Structures are given as structure tokens and as C-alpha cells.
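First comes the structure, then the notes that go with it.
Because the structure is predicted, anything quoted here is derived from the model rather than measured. Quick note: residue numbers are just sequence positions, from 1.
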Amino acid sequence: MKIDAVGLFVNNMERMVAFYRDVVGLKTNWNGDADAAFEAGGCRLIMYGRRDFENMTAQTYGYPKGRNGTMEIAFALPSYGAVDAEYERLVSLGAAAVFPPATMPWGQRTSYVADPEGNLLEIGSFGG
């Protein structure tokens, strides 16, 4: 099997689509429907409104509150300098600062920001 997409079930589609499209810079053709898909390299990021998903599946789900420590979306950049620049760019455009760029013992330069609903985005590079 191959991972085709990572999905988020969101409270506010308009705000989340705007963040991933306008701040993160992912391309989407979202037109206001209950779901959105973004091109993210070799994988897609998809979103679905929580109420719409619950209505579709006829079930109720529990969702994290605050920062979501159950998963992350990791973005790879070509260099350490690119990590620093992207972290600063995302924070300046409204992403919540979580962990500033740092070089880890395993050779990765990594950082974390959070989207408007508290999902963690890792911005990292194994390149020097």
C-alpha cells in the first residue's frame, strides 16, 4: 500500500483552507464544499468538516482540544537555512510558534508551528 493522503477533520473549513493555502502555500481547488484537497508533494492533505464527517458516518467522535499532540504533518526542506526562513515566515503570517529551529543530535534541523486548530506542523531538513 502507498499513503495517498493525510486527513484532518476540522471545525472551521474556511479558516483552515485559508491557512494551508495562503500561509503554508499548498495548492487547492476548494470551492466551499465539505471537503478540501491540497497538493503536498507526493501526498495530498485533505480536510473534511467535522459535522459533515459525523453526518456522513452517522457517528460522533472525540477531538483534541488545544494543541494536538497525537500527530504531526512534517514538511521537508532542502537546507538548514530554509528551515529557519520558513519557520520565521510561517510565524510572521500567523502560525503559532511551538518550537524554534534547532539542530538535533541525529542531524536534522527541525522546528514546529501549529495551525489555527492546534495541529502541529514540523518544518525540518536533513541537509546542511
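In terms of heavy-atom proximity, Thr103 sits nearest to Arg109 at OG1-NH1, 2.9 Å. Closest approach of Glu122 and Thr110 over heavy atoms only: OE2-OG1, 2.7 Å.
In the hydrophobic cluster analysis, where Ile, Leu, Val, Met, Phe, Trp and Tyr join through side-chain heavy atoms closer than 4.5 angstrom, Val24 is grouped together with Met71. Under the 4.5 Å side-chain heavy-atom criterion for grouping Ile, Leu, Val, Met, Phe, Trp and Tyr, Val23 is not connected to Val98 through any hydrophobic cluster. Linking ILVMFWY residues whenever their side-chain heavy atoms come closer than 4.5 Å, directly or via other members, leaves Tyr80 and Met104 in distinct clusters.
Remark: Asp115 CG to Arg67 CZ distance equals 10.0 Å, nearest 0.5 Å.
Applying the side chain to side chain contact (heavy atoms under 4.5 Å, CB included) criterion to Ala95, with sequence neighbours excluded, gives Phe19, Leu90, Val113.
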Report task. Walk me through it: do Tyr63 and Asn11 pass the test side chain to side chain contact (heavy atoms under 4.5 Å, CB included)? Result -> CA-CA 10 Å; Tyr63 302 101; Asn11 280 316; over 6 Å; no
Query raised in the report: Going through the distances and angles, do Met56 and Tyr48 end up as a side chain to side chain contact (heavy atoms under 4.5 Å, CB included)?
Result: CA-CA 11 Å; Met56 181 183 81; Tyr48 208 86; 3.7 Å; yes
Report task. Determine, stepwise, if the pair Glu117 / Met47 fulfils side chain to side chain contact (heavy atoms under 4.5 Å, CB included). Result -> CA-CA 12 Å; Glu117 293 193 5; Met47 289 180 196; over 6 Å; no
**Report entry** Audit row: Tyr87, Phe99, side chain to side chain contact (heavy atoms under 4.5 Å, CB included) steps and yes/no
**Finding:** CA-CA 9 Å; Tyr87 175 85; Phe99 181 74; over 6 Å; no
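Side-chain contact between Trp30 and Met13 is present, with heavy atoms from C-beta onward closer than 4.5 Å. For the pair Gln108 and Val83, the minimum side-chain heavy-atom distance is 4.5 Å or more. Using a 4.5 Å cut-off on side-chain heavy atoms (C-beta onward), Met16 and Asn119 make contact. Annotation: side chain of Ile73 is in contact with side chain of Leu8 (closest heavy-atom distance under 4.5 Å).
Remark: Arg51 CZ is loosely packed, at most 12 non-hydrogen atoms of other residues, nucleotides or ligands lying under 6.0 Å away.
A donor-acceptor pair is defined here as one N or O able to donate and one able to accept, closer than 3.5 Å; such a pair exists between the side chain of Ser125 and the backbone of Leu77. At least one donor-acceptor pair under 3.5 Å links the side chain of Ser111 to the backbone N or O of Ile123.
The side-chain contact (heavy atoms from CB on, under 4.5 Å) with Val17 is formed by just one residue from the set Arg21, Arg15, Glu14; it is Arg21. With Arg44 as reference, Asp4 is the one residue of Thr28, Asp4, Val6 to meet the side-chain contact (heavy atoms from CB on, under 4.5 Å) rule.
The aromatic rings of Tyr20 and Phe38 sit tilted, their planes meeting at an angle between 30° and 60°.
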